[in-house]
Amino acid sequence: MAHEARVEKTTYCVTGTYRLLCSPLTQNEELCLTVSGIERCAPNHSFGPCIRDDYHLHFILSGKGILKIEDKTYNLHRGQTFIVPPEIEIYYCADSEDPWEYAWVSFTGFKAAWYLEKAGLSISTPFRDTYLNPEEFLVYIEKILAHHQLTAVNELLRTSLLYEILAVLIESRTLNLLDQHQKIEPDYSPDMYVDYAVEYIHNHYATARVSDIASYIGITRSYLAHIFKDRLHVSPQEYLLSYRLEQGSRLLRTTTLSVNEIAEKIGYSNPLTFSKMFKKVYGRSPLNYRQYMKT
């Protein structure tokens, strides 16, 4: 499979058994497509042993074969995806009786390993079921091959299609974990989720509900509550109510709006509820607070 080697210029090849596109290598990017293709392998057609310098992500469309990574051998078949990781000796070979056909994308980038890990692929787990018809991934790779001309537009389109492939692969794993009632690890740090939640509250405090906040970020309500308690020492609901009252106090100090108008602006449909909550926190009724702040 020497045709899978990375080159420094755009090359597009079509033969009776494979289609191949080698893209120009761009340095210092989070994700850079290097090679993509589709191949119907002959029996016992193999590659390696060798060491690659980029990731190769394969989707098996039919047939079967083996993958060897260092001292481990994996028997693979249609409906599975596997990676060839960089900097490690690998070997893969089509079956002698039912040789595989696969589509693949190869890429580098400082986030490549992270995206693959989110998709459930790593050196220790180099293959998994696609959980989808593998032809769904073939569609994206065929689109990449169709945009083989060396233009800035096509470079952007090819890169966007690579991101879509990884997004679908990650989503398919997430949905499978949910179906199996297994725990899903958060994609980002608790601090980042809290920052996003606080920003959402500040922009939508008058109408926001805790369920809205969790949905906006893409995490469960229970996890949102956990990280708020851990990082801010209050629940999301407590933070939301506190921020609403803070905005109410600001409006009392800086505007001539009535208490009813302020209550409505900060998310209280009942002015009496606003007054009770305000007095509980600030020790004075809204009108008394406004008068006090003028003195």
Side-chain angles (χ1 to χ4, degrees), residues 1-7 9-25 33-69 72-86 88-108 112 116 119-121 126-150 154 157-159 161-166 168-169 172:
M1 293 184 185
H3 53 267
E4 283 195 35
R6 195 177 70 198
V7 296
K9 62 181 180 178
T10 298
T11 302
Y12 180 61
C13 303
V14 180
T15 74
T17 58
Y18 72 85
R19 293 165 63 192
L20 171 75
L21 173 64
C22 299
S23 301
L25 180 61
L33 179 68
T34 55
V35 186
S36 54
I38 305 167
E39 180 162 18
R40 185 174 66 254
C41 296
N44 297 316
H45 186 57
S46 65
F47 186 84
C50 71
I51 296 176
R52 312 305 295 260
D53 57 1
D54 49 5
Y55 285 96
H56 291 243
L57 176 62
H58 298 71
F59 299 94
I60 305 173
L61 306 172
S62 63
K64 54 189 177 180
I66 62 167
L67 168 67
K68 292 183 178 180
I69 298 181
K72 295 183 179 179
T73 300
Y74 306 94
N75 295 291
L76 307 177
H77 54 78
R78 169 182 161 79
Q80 292 183 314
T81 179
F82 69 93
I83 60 166
V84 174
I88 291 181
E89 184 172 279
I90 58 91
Y91 170 84
Y92 47 108
C93 180
D95 186 72
S96 60
E97 297 182 359
D98 187 15
W100 54 20
E101 177 182 2
Y102 51 60
W104 83 90
V105 284
S106 305
F107 48 90
T108 62
L116 287 169
L121 295 166
F127 75 96
R128 46 154 273 208
D129 291 340
T130 59
Y131 309 128
L132 297 171
N133 188 319
E135 279 75 20
E136 292 192 35
F137 296 96
L138 174 63
V139 170
Y140 291 106
I141 294 172
E142 287 183 327
K143 287 180 181 179
I144 290 175
L145 295 171
H147 292 91
H148 56 82
Q149 294 91 351
L150 183 58
N154 280 345
L157 286 171
R158 291 193 298 265
T159 301
L161 287 163
L162 173 59
Y163 275 104
E164 285 194 66
I165 289 170
L166 292 171
V168 172
L169 197 61
S172 68

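As the structure is a computational prediction, the values presented were derived from the model and not from experiment.
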>> One pair to check against side-chain contact (heavy atoms from CB on, under 4.5 Å): Ile90 and Cys50. What are the steps and the verdict?
In response: CA-CA 6 Å; Ile90 58 91; Cys50 71; 4.0 Å; yes

> Short question: side chain of Glu142, backbone of Val139 - any donor-acceptor pair under 3.5 Å?
Replying inline: no

>> Nearest 0.5 angstrom please: Ile66 CD1 to Leu76 CG, how far?
In response: 9.0 Å

> Ala94 and Cys41: which non-hydrogen atoms are nearest, and at how many Å?
Replying inline: CB-CB, 3.9 Å

> Going from CD1 on Ile83 to CG on Leu67, what distance comes out if it is rounded to the nearest 0.5 angstrom?
Replying inline: 9.0 Å

> Could you walk me through whether Phe47 and Val84 pass the side-chain contact (heavy atoms from CB on, under 4.5 Å) check?
Replying inline: CA-CA 11 Å; Phe47 186 84; Val84 174; over 6 Å; no

>> Nearest 0.5 Å, please: how far is CD in Glu136 from OG in Ser172?
In response: 9.0 Å

> Who pairs with Tyr55 by ring pair (Phe, Tyr, Trp, His ring centres under 6.0 Å), at least two apart in sequence or on another chain?
Replying inline: none

> Ser36 and Ile144: which non-hydrogen atoms are nearest, and at how many Å?
Replying inline: OG-CG2, 3.3 Å

>> So, taking the atom named CG in Asp53 and the one named OG1 in Thr34, what distance separates them when rounded to the nearest 0.5 Å?
In response: 8.0 Å

>> As a quick check of understanding, evaluate side-chain contact (heavy atoms from CB on, under 4.5 Å) for Leu57 and Leu166, giving each step before the final call.
In response: CA-CA 10 Å; Leu57 176 62; Leu166 292 171; 4.0 Å; yes

> Hey, does the side chain of Thr73 reach the backbone of Lys68 with a donor-acceptor pair shorter than 3.5 angstrom?
Replying inline: no

>> Check whether Arg128 reaches the backbone of Thr130 with its side chain - one donor and one acceptor, N or O, closer than 3.5 Å.
In response: yes

> Partners of Phe107 by ring pair (Phe, Tyr, Trp, His ring centres under 6.0 Å), sequence neighbours excluded?
Replying inline: none

>> On a heavy-atom basis, which atom in Asp95 and which in Glu97 lie closest, and how many Å separate them?
In response: OD2-N, 2.9 Å

>> Any side-chain to backbone donor/acceptor pair from Arg78 onto Leu61? Under 3.5 Å, distance only.
In response: yes

> So, for Ala103 and Ile141, which heavy atoms are closest and what is the spacing to 0.1 Å?
Replying inline: CB-CD1, 3.5 Å

>> Go through it in stages, so that I can follow the logic: the residues are His56 and Asp54, the test is side-chain hydrogen bond (donor to acceptor under 3.5 Å, both in side chains), and I'd like the CA-CA distance, side-chain angles, deciding distance and then a yes or no.
In response: CA-CA 7 Å; His56 291 243; Asp54 49 5; 2.8 Å; yes

> Of Tyr92, Phe127, Phe137, Trp100, which meets ring pair (Phe, Tyr, Trp, His ring centres under 6.0 Å) against His58?
Replying inline: Tyr92

>> Any side-chain to backbone donor/acceptor pair from Asp129 onto Tyr131? Under 3.5 Å, distance only.
In response: no

> In Å and rounded to the nearest 0.5 Å, what is the NE2 to CG distance from His147 to Leu157?
Replying inline: 5.0 Å

> How far apart are the closest heavy atoms of Arg40 and Glu101, and which atoms are they?
Replying inline: CA-CG, 3.8 Å

>> side-chain contact (heavy atoms from CB on, under 4.5 Å) for Trp104 and Glu39? Distances and angles first, verdict last.
In response: CA-CA 9 Å; Trp104 83 90; Glu39 180 162 18; 3.9 Å; yes

> Measuring from Ile69:CD1 to Tyr91:OH, what's the distance to the nearest 0.5 Å?
Replying inline: 14.0 Å

> What are the two closest non-hydrogen atoms of Asn75 and Gln80, and how far apart are they?
Replying inline: O-OE1, 4.2 Å

